[in-house]
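Heads up, the thing below is written out as structure tokens.
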Number of protein chains: 2
Amino acid sequence: MRVVIAKCSVDYAGRLTAHLPTADRVLMIKADGSVLVHSDGGSYKPLNWMTPPCTLSVSEPDEDQRAAGFTEIWTVTQAKTDDRLVISIAEVISETVHDLGVDPGLVKDGVEAHLQELLAEHIESLGTGYQTVRREYMTAIGPVDILAKDALGTSVAIEIKRRGGIDGVEQLTRYLELLNRDPLLSPVSGVFAAQEIKPQARALAEDRGIRCVVLDYDALRGMDDPETRLF
Amino acid sequence: MRVVIAKCSVDYAGRLTAHLPTADRVLMIKADGSVLVHSDGGSYKPLNWMTPPCTLSVSEPDEDQRAAGFTEIWTVTQAKTDDRLVISIAEVISETVHDLGVDPGLVKDGVEAHLQELLAEHIESLGTGYQTVRREYMTAIGPVDILAKDALGTSVAIEIKRRGGIDGVEQLTRYLELLNRDPLLSPVSGVFAAQEIKPQARALAEDRGIRCVVLDYDALRGMDDPETRLF
DNA sequence: ATATGCATCTCGCAG
DNA sequence: CTGCGAGGTGCATAT
């Protein structure tokens, strides 16, 4: 890893073209050759970057570039896609090099898969007598998150999202349409379950007779272990 | 902007929880208080981060932490969402501070708007006798990307995407449904045009009688100016 | 301010 | 390897 703070301008040409006027920026050159150009704001996304695999070559400025005050030209190329990032250096303010080694990697927890798992385990929170039939119930157009049965034995298809938008309702609608063609399952009702459901999505769902359920992640987790807390 | 290379472990708790074992990493602290934790690989996405607005506070390690070899504890909190990033520093390897100032910002070119413009100009690439009626043809539920007529004078609604997915087909379907209620336009056929069309989207479109067209950005651009090349 | 859609998306998983 | 969906998505634009 090499971290350089420099006054520079940047040009990118690939799927789009972009230009950054001369200013002070942080340049990160990773061990795999990838390059990130960061400013002192925004979020984690760099102003410009080059994804690996790519190669960095440093060249002398031509006459015009030298006259414009540039001392070095860095060219980062990705052989396969013809993408090209050119960093014109006017002044190197600081430079640090250190071998970080391979990162041991991170451990995640708490995404949609976990929501699905928790709801499948505590399906009775949808109503007395509910039972989970299968998670990831496969159909021709993709897997239904959870297939369940209610107290009367009627099939229920459940679509789970962290944020419930219109696209999620459309998705569930397609599943329901398909599942209801199966005489062994039909009639199949729908439940749209999410941590938050947008008003338009709720309106569309209810208009189609789909029940909306707002999930409480902490409450579902609490059913497993009331002691569980962050920190 | 402050750039620190340090041996550290990282814990995040917010919408999910994540843990990073102790290793050498690059820590970027931006002027707005946001923090990025980068390793020596991957692409531009950090291993962990905190989006602004947030505040960083440094504290002494407690007894256990000191025994584990940590010398400083950095806590980054986002008051509004209760997100919390804790960086436990075992050793600072290098540190650089520099005020980058406000970035002048970048200039982009070459996105979906450009595709739409190119296709509208070269609408005959959809078939002999095609003519563009209007770009951004307004309807009650939003603008149709291009409204055209074929050689017979029949209306054609065209939806353009860079990547054609199911949602794009649904969108075009809603437009077609609406446009076909207008006796002055009806019948209106549909064209789903994209640089790439996903198989499921193609299947859905063709099932609904919507024609799929894969756009070649470079070829369309080449019709304007055969000399045009990047570099 | 909120909602909607695109992204040089990135990332992981399943077929 | 490719396709597909989710993201602590970020980001701009229209409403």
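Order of the sequence lines sets the chain letters (A, B, ...), proteins ahead of strands, with each chain counted from 1. Quick note: numbers below take in every heavy atom, side chains included, and nothing from hydrogens, waters or symmetry partners.
- Note: CD (A:Gln171) to C1' (D:dC4) measures 11 Å, nearest angstrom.
- Across the protein-nucleic acid pair, A:Gln116 atom CD and C:dC13 atom P stand 14 Å apart, rounded to whole Å.
- Here C:dA14 presents its C1' atom at 15 Å from CZ of A:Arg135, a figure rounded to the nearest Å.
- Counting non-hydrogen atoms under 4.0 angstrom, B:Met50 reaches a base of the nucleic acid.
- If you check every strand for non-hydrogen atoms under 4.0 Å, B:Thr51 touches a base.
- Comparing the P positions of C:dC11 and D:dC11 gives an interatomic distance of 16 Å, to the nearest angstrom.
- Rounded to an integer number of Å, the gap from CZ of B:Arg202 to C1' of D:dG3 is 15 Å.
- Closest to the side chain of A:Ser43, out of C:dT10, C:dT8, D:dG10, is D:dG10.
- Contact annotation: A:Lys45 side-chain N/O to D:dC11 OP1/OP2 distance is not under 4.0 Å.
- Rounded to an integer number of Å, the gap from A:Leu47 CG to D:dA12 C1' is 16 Å.
- Between the CG atom of B:Asp103 and the P atom of D:dC11 there is a distance of 13 Å, rounded to whole Å.
- Per the stacking criterion (ring centres < 5.5 Å, plane angle < 30°), A:Tyr44 does not stack onto the base of D:dG10.
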Residues B:Val191, B:Ile210; criterion side-chain contact (heavy atoms from CB on, under 4.5 Å); working and verdict: CA-CA 6 Å; B:Val191 171; B:Ile210 293 169; 5.9 Å; no
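- The only member of B:Asp145, B:Ile123, B:Val213 that meets side-chain contact (heavy atoms from CB on, under 4.5 Å) when paired with B:Ile158 is B:Ile123.
- Under a 4.0 Å N-O distance rule, the pair B:Glu121/B:Arg135 does not qualify as a salt bridge.
- Minimum atom distance to the side chain of A:Asp83 is reached by C:dT8, of the listed D:dC11, C:dT8, D:dG8.
- Whole-Å rounding puts the B:Arg174 CZ to C:dG5 C1' distance at 12 Å.
- Protein atom CH2 of B:Trp49 is 5 Å distant from nucleotide atom C1' of D:dG8, rounded to whole Å.
- Here, C:dT10 and C:dC6 have their C1' atoms 14 Å apart, quoted to the whole Å.
- For the pair A:Arg208 and A:Glu206, the salt-bridge criterion is not met [side-chain N within less than 4.0 Å of a carboxylate O].
- Using a 4.0 Å cut-off between a side-chain N of Lys or Arg and a carboxylate O of Asp or Glu, A:Asp103 and B:Arg25 qualify as a salt bridge.
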